[in-house]
Amino acid sequence: MIKNADSCLIGNVYISGPITGVENWQDNFLAAEKELMELTGSFFIVNPATLAKNLEDFFAKIEKTPDYTDYMRKDIKELSSCNAICMLPGWKRSKGARLEYRIAKILNMRILEYQPER
């Protein structure tokens, strides 16, 4: 379930949540993306799982490995182009997600919350 999505979404929606130290974190992001796709509106979903894969592919071509700051720079750049952010459970325990939340607040983005069905 997506909380605070009571009307039509327009623009880009960025998914934010804990990654570091979370096993199978990609599954959480994909589940939220699937739920977001069921909402009404004209919007594009920006999923850090996809961004991470693209960044890793790029770095592999130059025989390097991205570090935390590489991921965050890419994520923040993409976040800044969004109109809304969807926060995943546990985001308050994530340094990166807390930063993304603060950026979203400063940029007056709509704040959504993903709550998986139990």
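Just so it is clear, the model here is predicted, and its values are computed rather than measured.
- Between R93 and P18 there is no side-chain heavy-atom pair separated by less than 4.5 Å.
- With a 6.0 Å radius and a threshold of 12 heavy atoms from other residues, nucleotides or ligands, F59 has its CZ atom above the threshold.
- For the atom pair Y71 OH and T20 OG1, the distance stands at 9.5 Å (nearest 0.5 Å).
- The shortest side-chain heavy-atom distance between L112 and K3 does not fall under the 4.5 Å cut-off.
- Rounding to the nearest 0.5 Å places OG of S80 at 11.0 Å from CG of D75.
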* Worked verdict on K61 versus D57 for salt bridge (charged side-chain N to carboxylate O under 4.0 Å, His left out) -> CA-CA 7 Å; K61 289 177 184 175; D57 289 347; over 6 Å; no

* Step by step, would you call E35 with Y114 a side-chain hydrogen bond (donor to acceptor under 3.5 Å, both in side chains)? -> CA-CA 8 Å; E35 191 85 21; Y114 170 65; 5.0 Å; no

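- Looking only at distances, a side-chain donor or acceptor of D70 sits under 3.5 Å from a matching main-chain atom of D67.
- A cation-pi arrangement is found for K95 relative to Y68, the charged atom lying closer than 6.0 Å to the ring centre and inside a 45° cone about the ring normal.
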* To do: Start with the C-alpha gap between C86 and L36, add the side-chain angles, then the distance that decides, and say whether side chain to side chain contact (heavy atoms under 4.5 Å, CB included) holds.
  => CA-CA 9 Å; C86 182; L36 283 165; 4.2 Å; yes

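- Atom CD1 of residue I85 and atom OH of residue Y101 lie 9.0 Å apart, to the nearest 0.5 angstrom.
- Put simply, the side chain of R110 does not reach to within 4.5 Å of the side chain of N83, judged on heavy atoms.
- Separating the CG atom in L88 from the CG atom in N28 is a distance of 6.5 Å, to the nearest 0.5 Å.
- Of the charged side-chain nitrogens involved, at least one lies within less than 4.0 Å of a carboxylate oxygen, so that K74 and E78 count as a salt-bridged pair.
- Contact annotation: the side chain of R102 approaches that of R98 to within less than 4.5 Å [non-hydrogen atoms, C-beta and beyond].
- Counting heavy atoms from C-beta on, the side chains of I111 and M87 come closer than 4.5 Å.
- Residues F58 and P66 fail the side-chain proximity criterion, which asks for heavy atoms closer than 4.5 Å.
- Side-chain contact between I19 and F29 is present, with at least one heavy-atom pair separated by less than 4.5 Å.
- To the nearest 0.5 Å, atom CG of residue L51 and atom NZ of residue K77 are 10.5 Å apart.
- L99 and M72 make their closest contact through CD2-CE, 4.0 Å (heavy atoms, listed as atom of the first residue, atom of the second, distance).
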